[in-house]
Student: 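Okay, here's the structure, questions in a sec.
The first residue of the sequence shown is numbered 1, and numbering continues consecutively from there. Source: prediction; values computed, not measured.
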Amino acid sequence: MVCLDDAALWAQDRCHNRGTEGDTMTRTVYVNGEYLPEDQATISIFDRGFLMADGVYEVVSVLDGKLLDFEGHMVRLKRSLGELAMDNPLSDDEYLRAFRALVEKNAITDGLVYLQVTRGNPGDRDFAYPPAGTGPTVVMFTQSKPGLADAPAAKTGWKVISIEDARWARRDIKTVQLLYPSMAKMEAKARGVDDAWMVEDGLVTEGTSNNAYIVKNGTIVTRALSNDILHGITRAAVLRFAAEAQMQVEERSFTIAEAQDADEAFITSASAFVMPVVEIDGAAVGTGQVGPVATRLREIYLEESRKAAV
């Protein structure tokens, strides 16, 4: 099977650990403590993640065979589990060993490690949480994305549309309830652009799988943390690096009109890092070209994150 990358959708491509047509290489995945070929991995049809989207997840980028922002992802994982009153089945060290094992077993140089923890298999379907002692389900797998840090779209920028935000009210918990963001992503693709920025009460919340920013008169503006948006790990790192570089940052909400009138716009995520946005709802942002602030922040993030990778 041949996987084709679309430069404009680099971070969303579906190329996994597969080579050219005829290559039957199969990923090794992790399911509840076992490392298995992907075609032998199974979970119960009664798993709460499958029936109720009752689970949380994290995605950690891999560059040069090392994990980026691992500690931050573990902090957020524990917060998400706590907000849903779910037990954390593994220690940070156990997660780290499993991540590293999957990277090694699948020969990942650049790519992603996906982790999902669900409330497990209670043996039947019920809206009530399963009884105490029901073990959670832990699944991990890798995605190979050669040249992840060199996405061509970083040179040309994304185009986005705005769409009404119809998600549930606890977007700060990184749950597997991703149907509406998927619908928004498909609406963006249908309209020939790269992503959608969701809007609530006239104000931008975030992208389908990323945090949103604008730059005006040298000041970086992004929505403040609350239950309305995901507390992005890349967001936290980028804002820290921006402050260290003596860039001005303002955490507040903004409108689509304000974004269209900005000098620059960009998004951040674990897989896209810092990605410039050059068009919003058909209107060019600034010059319509990738701007210096987003470019510099991407450089800083990749440089510093590689230094700290584990």
Side-chain angles (χ1 to χ4, degrees), residues 29-34 36 41-61 67-99 102 112-141 165-184 198 200 205-211 223-237 251 269-271:
V29 302
Y30 175 106
V31 181
N32 293 330
E34 291 188 89
L36 301 165
T42 62
I43 61 170
S44 169
I45 64 167
F46 299 116
D47 191 90
R48 293 271 302 184
F50 173 62
L51 294 178
M52 302 285 188
D54 189 359
V56 302
Y57 76 103
E58 288 290 335
V59 178
V60 178
S61 284
L67 304 163
L68 271 58
D69 291 326
F70 176 79
E71 183 178 352
H73 285 284
M74 290 299 100
V75 170
R76 186 172 63 184
L77 173 68
K78 286 178 277 191
R79 180 184 183 277
S80 294
L81 291 168
E83 290 296 307
L84 295 180
M86 290 173 59
D87 292 333
N88 187 10
L90 301 175
S91 68
D92 286 4
D93 285 344
E94 288 172 320
Y95 284 120
L96 180 58
R97 284 197 295 272
F99 275 36
L102 287 173
L112 308 170
V113 181
Y114 178 91
L115 161 68
Q116 180 169 304
V117 182
T118 79
R119 208 178 297 271
N121 165 27
D124 209 341
R125 182 179 182 274
D126 198 324
F127 274 81
Y129 289 172
T134 301
T137 298
V138 184
V139 172
M140 306 180 207
F141 59 82
D165 197 335
R167 298 172 297 166
W168 79 317
R170 290 303 308 274
R171 303 153 196 163
D172 57 306
I173 306 173
K174 197 172 178 69
T175 72
V176 297
Q177 301 178 67
L178 297 174
L179 181 57
Y180 188 73
S182 293
M183 293 169 65
M198 290 176 278
E200 186 173 59
T205 50
E206 56 193 341
T208 59
S209 58
N210 47 71
N211 293 119
R223 192 174 180 121
L225 295 180
S226 68
N227 290 354
D228 297 329
I229 65 169
L230 183 67
H231 299 189
I233 303 305
T234 307
R235 175 192 185 278
E251 294 186 68
S269 73
S271 58

Student: How far apart are the closest heavy atoms of Val117 and Pro136, and which atoms are they?
Tutor: CG1-CB, 4.1 Å
Student: At their closest point, which heavy atom of Pro89 faces which heavy atom of Tyr95, and how far apart are they?
Tutor: CD-OH, 3.5 Å
Student: Looking at Ala41 and Val31, what are the two nearest heavy atoms and their distance?
Tutor: CB-CG2, 3.8 Å
Student: Whether the side chain of Thr208 engages the backbone of Pro181 through a donor-acceptor N/O pair (distance < 3.5 Å, no angle test) should be reported.
Tutor: no
Student: Quick one: closest heavy-atom pair of Thr175 and Tyr57, and the distance?
Tutor: O-CE2, 3.1 Å
Student: Do side-chain atoms of Asn32 reach the backbone of Glu34 as a donor and acceptor pair under 3.5 angstrom?
Tutor: no
Student: Rounded to the nearest 0.5 Å, how far apart are CZ of Arg76 and CD1 of Ile173?
Tutor: 12.0 Å
Student: Would you give the length of the straight line joining atom CG of Asn121 to atom CZ of Arg48, rounded to the nearest 0.5 angstrom?
Tutor: 11.0 Å
Student: Determine whether a donor-acceptor pair (N or O, by modelled atom type, separation under 3.5 Å) exists between the side chain of Asp54 and the backbone of Gly49.
Tutor: no
Student: For Tyr114 and Phe141, take the angle between the two ring planes, folded into 0 to 90°, and tell me which bin it lands in: parallel under 30, tilted 30 to 60, perpendicular over 60.
Tutor: parallel
Student: Please tell me if the side chains of Leu115 and Val60 come closer than 4.5 Å, counting only heavy atoms from C-beta onward.
Tutor: no
Student: Roughly how far apart are Leu96 CG and Leu67 CG, rounded to 0.5 Å?
Tutor: 6.5 Å
Student: I need the Arg125 CZ to Phe46 CZ distance, nearest 0.5 Å.
Tutor: 11.0 Å
Student: Would you sort out whether Val56 and Glu83 count as a side-chain contact (heavy atoms from CB on, under 4.5 Å), showing the intermediate values?
Tutor: CA-CA 10 Å; Val56 302; Glu83 290 296 307; over 6 Å; no
Student: Determine yes or no for a side-chain-to-main-chain donor-acceptor pair under 3.5 angstrom, with Thr205 supplying the side chain and Asp228 the backbone.
Tutor: no
Student: Between Met86 and Thr118, which heavy-atom pair has the shortest distance, and what is it?
Tutor: CE-C, 3.3 Å
Student: Taking Glu206 first and then Arg235, would you say they form a salt bridge - that is, a charged N and a carboxylate O separated by under 4.0 Å?
Tutor: no
Student: Give every residue pair that meets the side chain to side chain donor-acceptor pair (under 3.5 Å) criterion with at least one member in residues 127-140, sequence neighbours excluded.
Tutor: Asp47-Thr137, Arg119-Tyr129
Student: Is the number of heavy atoms from other residues, nucleotides or ligands within 6.0 Å of CG (Asp87) greater than 12?
Tutor: no
Student: Step by step, would you call Asp172 with Arg170 a side-chain contact (heavy atoms from CB on, under 4.5 Å)?
Tutor: CA-CA 5 Å; Asp172 57 306; Arg170 290 303 308 274; 2.7 Å; yes
Student: Kindly indicate whether the side chain of Val138, heavy atoms from C-beta on, has any atom under 4.5 Å from the side chain of Met140.
Tutor: yes
Student: To the nearest 0.5 Å, what is the distance between OG (Ser61) and CD1 (Ile233)?
Tutor: 12.0 Å
Student: Any chance you could measure Leu225, atom CG, to Leu230, atom CG, to the nearest 0.5 Å?
Tutor: 9.0 Å
Student: So does Glu251 have more than 12 non-hydrogen atoms from other groups sitting under 6.0 Å from CD?
Tutor: yes
Student: Give the minimum heavy-atom separation between Lys78 and Asp92, together with the two atoms involved.
Tutor: NZ-OD2, 3.1 Å
